[in-house]
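Working notes, structure below.
All values below were derived from every heavy atom in this structure, side-chain atoms included, with hydrogens, water molecules and symmetry-related copies excluded. First listed ligand is number 1; within each ligand, the first listed atom is number 1.
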Amino acid sequence: MSRVVVAGGGIIGLCTAYYLKKSGHDVLIIDRGDLKSGTSFGNAGYVSPSHFIPLASPGIIAKGMKWMMSSSSPFYIKPRLNIDLIRWGLTFWKRSSRSTMERNIPHLDALLQLSRALTSEIRDELGDNFRMKEIGCLMLYKSLATEHHEIELAKEAAALNIDTQVLNLQELQAMEPEVELNVRGGVLYPIDCHLHPGDLMQSITDYLKNNGVEFALNTNIIGFEKGNKTIVGIVTDKGVFRGDEYVLATGSWLPIVSKQLGIDILMQAGKGYSMTFENVKKNLHYPAILVDDRVAMTPMGADLRMGGTMEISGIGSPLLMKRVKSIFAAAKNYYPNLPVEFPEQDKIWYGLRPLSPDGLPYIGRHSAYNNLILSGGHAMLGISLAAATGKLVEEIVGHKKTSIDIAAFNVER
Ligand SMILES: Cc1cc2nc3c(=O)[nH]c(=O)nc-3n(C[C@H](O)[C@H](O)[C@H](O)COP(=O)(O)OP(=O)(O)OC[C@H]3O[C@@H](n4cnc5c(N)ncnc54)[C@H](O)[C@@H]3O)c2cc1C
């Protein structure tokens with residue numbers, strides 16, 4: 001068995017360590033934070049096979065351009081002369097064709113389905129510590145155009161054997177007895193589930209610590225020691241850490257970390273915000289995406305989280321309050337009597353989705369080194385895809401046949 005160093009303790013790094021440990025490897029996780037506030041922590045917590053359409057898809061660019069015109073829309077690219085952004089944008093544009101999307105859907109679907117099943121297995125093994133509910137997710141719409149689009153998507157889902165139920169307002173209202181709904185209708189994807197991502201991370205971390213996985217937290221990776229086509233050690237501000245195999249799972253920072261190995265990864269950070277309301281008196285029963293406004297609503301036990309926006313404005317860009325307010329306004333528009341008030345600014349969370357330019361993650365070995373595996377670019381699906389990604393990385397480390405074909409996730413594509 002190998003000693004594996006996992007760089008990054010977001011949900012991808014943690015799930016990777018989980019499967020590596022279970023198959024007998026020694027594992028060390030290095031993270032520059034404390035795993036209690038990052039992108040994997042404050043997101044909407046959906047595990048959603050319903051999201052089988054990759055981000056790069058026909059029509060997305062036209063829609064994005066339209067949204068760019070409004071300062072309160074759910075999408076924004078900060079215009080800047082940045083070569084990485086330009087390269088990413090051009091690749092995204094090329095990969096948004098119907099033929100590429102259609103080629104990618106079965107691969108994303110296979111990864112989502114595997115991950116959905118494994119997430120339930122993790123819950124069965126670790127216990128129900130992370131508020132997981134397997135009741136599906138609603139796609140709610142207000143406009144006729146969005147209704148048509150969602151019903152078309154439901155037909156595409158049927159082709160992948162994903163069940164859906166198209167519901168009218170009366171049927172939806174019966175499912176949400178505590179809050180008034182102001183929508184035209186919706187589609188339920190019963191296969192989806194939701195959970196509290198911070199509690200999931202804590203539960204996996206506890207398991208890992210109890211089973212001998214080492215953690216080097218508050219430890220910043222600043223470089224690598226390299227031999228002939230081999231990584232010899234990870235250099236951090238707390239010293240050098242060594243292993244037989246190295247997995248890079250540093251989320252939106254994957255390009256920065258891999259650049260130190262001479263490896264170029266195309267990725268942009270997609271900022272999103274969330275607000276969490278505790279002990280909501282009249283709470284939602286079902287998680288829902290408010291499709292016209294791209295807002296995600298997730299009941300998490302007695303709490304309620306709402307989140308959204310996609311801002312491609314670089315790492316370290318400021319919080320844009322107008323867009324955060326739009327998330328809240330959309331929630332109040334769909335659920336007029338929701339008993340929540342707009343929070344203080346210090347209660348607003350944001351995270352950076354690691355966006356590959358085709359909407360598929362990077363999972364696999366890199367040919368530049370014989371002991372390097374990259375795992376990142378999970379975009380808006382990191383929680384949905386983490387379990388399968390962790391399992392696949394364990395299989396790659398162990399030179400096993402992978403559970404699904406991983407050619408589409410090639411890290412050098
Ligand atoms: C608003 C919002 C809602 C979302 N909702 C959902 C959802 O409902 N379902 C879903 O599936 N996904 C969702 N996502 C996406 C999901 O959160 C991400 O895909 C996922 O968290 C990415 O996980 P990761 O482990 O790759 O990256 P991260 O969670 O960002 O982890 C990377 C880690 O690497 C560490 N790191 C980086 N650089 C260094 C360094 N130099 N040295 C040491 N450590 C380093 C960081 O500290 C970090 O802890 C949402 C995202 C946002 C923003």
Side-chain angles (χ1 to χ4, degrees), residues 5-17 29-51 55 74 111-112 115-116 119 137 192-198 200-201 215-224 234-238 241 247-260 267 269-276 287 289 294-298 300 305-311 315 323-324 327 348-356 361-363 374-390:
V5 180
V6 178
I11 195 62
I12 301 301
L14 289 177
C15 282
T16 299
I29 295 183
I30 304 176
D31 198 289
R32 66 169 167 215
D34 62 1
L35 316 186
K36 288 195 163 46
S37 63
T39 304
S40 297
F41 196 85
N43 60 66
Y46 297 159
V47 179
S48 43
S50 58
H51 286 48
L55 188 58
L111 194 61
L112 283 163
S115 213
R116 173 67 185 83
T119 306
C137 184
D192 285 3
C193 70
H194 66 283
L195 47 79
H196 189 287
L200 171 66
M201 290 180 75
F215 283 79
L217 299 184
N218 304 306
T219 302
N220 193 19
I221 297 164
I222 50 179
F224 293 87
I234 287 195
V235 183
T236 75
D237 57 355
K238 305 255 171 76
F241 295 91
V247 180
L248 301 190
T250 48
S252 291
W253 298 267
L254 186 61
I256 299 172
V257 175
S258 59
K259 197 169 254 171
Q260 296 164 34
M267 199 187 285
K271 189 196 283 170
Y273 304 99
S274 77
M275 296 161 257
T276 306
I289 293 185
R294 294 293 191 276
V295 165
M297 307 286 291
T298 318
M300 295 176 171
R305 181 169 292 172
M306 57 180 78
T309 85
M310 176 73 86
E311 287 173 26
I315 289 173
R323 289 179 198 271
V324 184
I327 297 173
I348 293 161
W349 172 94
Y350 73 86
L352 300 175
R353 303 176 187 89
L355 306 176
S356 69
Y362 299 108
I363 307 169
L374 302 184
S375 184
H378 293 76
M380 58 253 273
L381 294 173
I383 301 296
S384 304
L385 298 176
T389 301

### Query
Please state which protein non-hydrogen atom is closest to atom 44 (N) of ligand 1 and give its distance, to 0.1 Å?
Arg32 N, 3.1 Å
### Query
Any idea which atoms of ligand 1 are less than 4.0 Å away from a heavy-atom of Trp253?
30 (O), 37 (C), 38 (N)
### Task
Answer with yes or no whether Gly45 contacts ligand 1, where contact means a heavy atom under 4.0 Å from a ligand atom.
yes
#### Entry: Check: Ser48/Ser384 side-chain N/O donor and acceptor closer than 3.5 Å
yes
### Query
For Thr236, is the nearest heavy atom under 4.0 Å from an atom of ligand 1?
no
### Task
Quickly, which of Asn218, Ile30, Leu217 forms a side chain to side chain contact (heavy atoms under 4.5 Å, CB included) with Lys238? Name it, please.
Asn218
### Task
Taking only heavy atoms of Gly351 into account, list the atoms of ligand 1 that are under 4.0 Å away from them.
53 (C)
### Message
Tell me whether Ala249 reaches ligand 1 (any heavy atom closer than 4.0 angstrom to a ligand atom).
### Response
yes
### Query
Any idea which part of Leu385 is under 4.0 Å from ligand 1, heavy-atom wise: side chain, backbone, both or neither?
neither
#### Entry: Nearest neighbour of atom 40 (C) of ligand 1 from the list Asn220, Thr389, Thr39, Val295, on a heavy-atom basis
Asn220
### Query
Is the count of non-hydrogen atoms from other residues, nucleotides or ligands lying under 6.0 Å from Tyr350 atom OH greater than 12?
no
### Task
Give the residue and atom name of whichever protein heavy atom lies nearest to atom 29 (O) of ligand 1, and the separation in Å to one decimal.
Ser40 OG, 2.5 Å
### Message
To check you understand the geometry: which heavy-atom pair defines the closest contact between Phe241 and Ala216, and what is its length?
### Response
CZ-CB, 3.9 Å
### Task
Look up atom CD1 in Ile256 and atom CG in Leu248, then write down how far apart they are to the nearest 0.5 Å.
12.5 Å
### Summary
Closest to atom 46 (C) of ligand 1 (heavy atoms only, candidates Ile11, Ile256, Asp31) is Asp31
### Task
Provide the number and element of each atom of ligand 1 under 4.0 Å from a heavy atom of Ile12.
23 (O), 24 (P), 25 (O), 26 (O)
### Query
Is any side-chain heavy atom of Leu111 less than 4.5 Å from a side-chain heavy atom of Pro361?
yes
## Note on the structure
Rounded to the nearest 0.5 angstrom, the CD1-CD1 distance for Ile12 and Ile363 is 7.5 Å
#### Entry: Closest to atom 18 (C) of ligand 1 (judged by heavy-atom distance), picking from Ala379, Ser384, Gly251
Ala379
### Task
For the residue pair Thr276 and Trp349, establish whether any side-chain heavy-atom pair is separated by less than 4.5 Å.
no
### Atoms in ligand 1 with a heavy atom of Leu381 nearer than 4.0 Å
10 (C), 11 (O), 12 (N)
### Any Ala44 heavy atom less than 4.0 Å from ligand 1
yes
### Task
Could you tell me the separation between the OG1 atom of Thr236 and the CZ atom of Arg32, rounded to the nearest 0.5 Å?
12.5 Å
#### Entry: Thr389: side-chain hydrogen bond (donor to acceptor under 3.5 Å, both in side chains) partners, not counting sequence neighbours
His378
### Task
Could you check which of Tyr273, Tyr46, Tyr350 puts a non-hydrogen atom nearest to atom 9 (N) of ligand 1?
Tyr46
### Query
Nearest to atom 50 (C) of ligand 1, what protein heavy atom do you find, and at what distance?
Asn43 CB, 3.3 Å
## Note on the structure
Short version for Phe41: what comes under 4.0 Å of ligand 1, heavy atoms counted, is neither
### Query
Taking side chain as C-beta onward, heavy atoms only, is Met300 less than 4.5 Å from Pro197?
yes
